[in-house]
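What follows is one structure encoded as structure tokens, with my remarks underneath.
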Amino acid sequence: MPEMLEVEAARAVIEARALHRTIAEVVAPDAWYLKRGLNAPAVKRALKGRELVDARRRGKLMLVDTSNGGPVLGLHLGMSGRVVVDGVAAGDPLVYASNREVDAWHRFGLRFADGGTLWMRDPRRLGAVELDPDEDRLGPDAAEITRDELAHVVGRSRAPIKALLMDQSRIAGLGNLLVDEVLWRVGIDPARTANTLKADDVARLHRTIRQTLRTLGRRGGSHTGDMPRERDAHCPRDGAMLVRRTVGGRTTFSCPVHQR
DNA sequence: GATGACCTGTGA
DNA sequence: TCACAGGTCATC
């Protein structure tokens with residue numbers, strides 16, 4: 001799933017419904033889904049009999065701690081993954097992905113001794129499960145990053161600012177939709193070279209990231225932004241025709257008038 | 001850093 | 001049939 005707001009919603013579902021239940025079975029029918037040399041026997045051995053005791057998140061990576069010194073279960077939702085506990089999925093349906101319930105899309109699961117289940121449902125199979133993921137490959141979480149850290153990220157890079165903000169090793173959690181919304185709100189062109197941002201731009205960008213995460217989090221997800229993502233749409237702020245192009249390898253919408 | 005690859009579903 | 005999809009990863 002998608003960006004950090006959806007991962008946070010999934011984390012909250014795990015926290016509310018899946019902790020402190022004994023894992024009776026581990027279902028891992030899709031070897032492709034297990035990453036970093038992990039295989040079905042190993043993950044069963046590692047998790048069976050334990051409980052999930054805490055659900056954390058860093059950027060788009062979900063980190064679930066297990067009991068009795070067990071491994072950290074790392075879950076990536078990819079482009080279309082959802083966490084479903086006892087039939088309850090987090091937050092809003094994904095806009096561009098299917099929300100049907102199809103057993104074949106269950107790539108990984110935990111059956112609890114009380115009869116319930118936690119599924120990762122992922123039509124496109126771009127998500128992943130791993131044990132003890134390396135958290136340090138990710139930069140500071142976008143909701144926690146300080147202004148100074150952001151200034152350091154922007155620093156002397158000649159990349160487009162959008163590409164930088166989507167680079168999970170520098171700042172973790174923002175994806176295509178959130179970055180476009182943030183840059184539209186703050187009035188910065190996604191293709192602008194990062195090192196042309198002044199200290200004042202960075203300060204405004206920092207405030208806008210935090211504010212956008214709060215607002216869209218309350219509304220229900222990354223797709224609830226104010227900037228329309230459609231061909232031939234107009235900027236709600238100044239009425240100009242939005243531009244659609246590729247920046248940082250992703251489809252990008254922006255306003256040619258107020259984003260500079 | 002830009003590009004293509006990965007995988008599969010949806011809607012025009 | 002084609003374009004496109006909210007994410008990463010390897011490769012030129």
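Side-chain atoms are counted along with the backbone in the values below, which use heavy atoms only and exclude waters and symmetry mates. Chain identifiers are assigned alphabetically (A, B, ...) following the order of the sequence lines, protein sequences preceding nucleic acid strands; residue numbering begins at 1 within each chain.
If you measure from atom CG of A:L138 to atom P of C:dT8, you get 8 Å, rounded to the nearest angstrom. Nucleotide B:dT10 holds its P atom 13 Å from the CG atom of A:D122, rounded to whole Å. One atom, CE of A:M120, and another, C1' of C:dG7, lie 12 Å apart when rounded to the nearest Å. Put simply, NZ on A:K35 is 10 Å from C1' on B:dC7, counting in whole angstrom units. In this structure, A:D180 atom CG and C:dA5 atom P are separated by 11 Å, rounded to whole Å. Look at OH on A:Y33: it is 14 Å from P on B:dC7, rounded to the nearest Å. Nucleotide C:dA5 holds its C1' atom 15 Å from the CZ atom of A:R82, rounded to whole Å. What separates CZ of A:R125 from P of C:dA5 is a distance of 22 Å, to the nearest Å.
Stacking of A:R82 on the aromatic ring of A:W105 is not recorded, the 6.0 Å distance cut-off and the 45° axial limit not both being met.
Panel note: side chain A:E181, backbone A:M227; a donor-acceptor pair is recorded below 3.5 Å. Between the side chain of A:D180 and the backbone N or O of A:F253, at least one donor-acceptor pair lies under 3.5 Å.
Contact annotation for A:T251: backbone-only contact, meaning every heavy-atom pair under 4.0 Å involves sugar-phosphate atoms and none involves a base. Using a 4.0 Å heavy-atom criterion, one finds that A:A163 contacts no nucleic acid atom at all.
Here A:R45 contributes atom CZ and A:L47 contributes atom CG; the two are 11.0 Å apart, rounded to the nearest 0.5 Å.
Closest approach to the A:R250 side chain among C:dG7, C:dC9, B:dC7 is made by C:dG7 (side chain taken as heavy atoms from C-beta onward). In this structure, the nucleotide among B:dC6, B:dT8, C:dC9 sitting nearest to the side chain of A:R107 is B:dT8. In this structure, of B:dG1, B:dG9, C:dG7, it is B:dG1 that holds the atom nearest to the side chain of A:R158. In this structure, the nucleotide among C:dT8, C:dG7, C:dC4 sitting nearest to the side chain of A:R244 is C:dC4.
The same atom, P, is picked in B:dT10 and in C:dT8; the two are 22 Å apart, to the nearest Å.
When the side-chain nitrogen and oxygen atoms of A:W105 are compared with OP1 and OP2 of B:dG9, one or more of them lie within a distance under 4.0 Å. Put simply, A:R36 has no side-chain N or O that comes within less than 4.0 Å of OP1 or OP2 on C:dC9. Regarding contacts with the backbone of C:dT8, a side-chain N or O of A:K60 is found under 4.0 angstrom from either OP1 or OP2. Between A:R124 and the phosphate of B:dC6, there is no side-chain N or O to OP1/OP2 separation shorter than 4.0 Å. Within the structure, every side-chain polar atom (N or O) of A:S80 is placed at least 4.0 Å from both OP1 and OP2 of C:dA5.
Between the side chains of A:S254 and A:R245, a donor-acceptor pair is found at a separation under 3.5 Å.
Aromatic ring orientation, A:H258 versus A:W184: perpendicular (interplanar angle above 60°, classes split at 30° and 60°).
C:dT8 is paired with B:dA5 under the criterion used here, namely a Watson-Crick or G-U wobble arrangement in which both key atom distances are under 3.5 Å.
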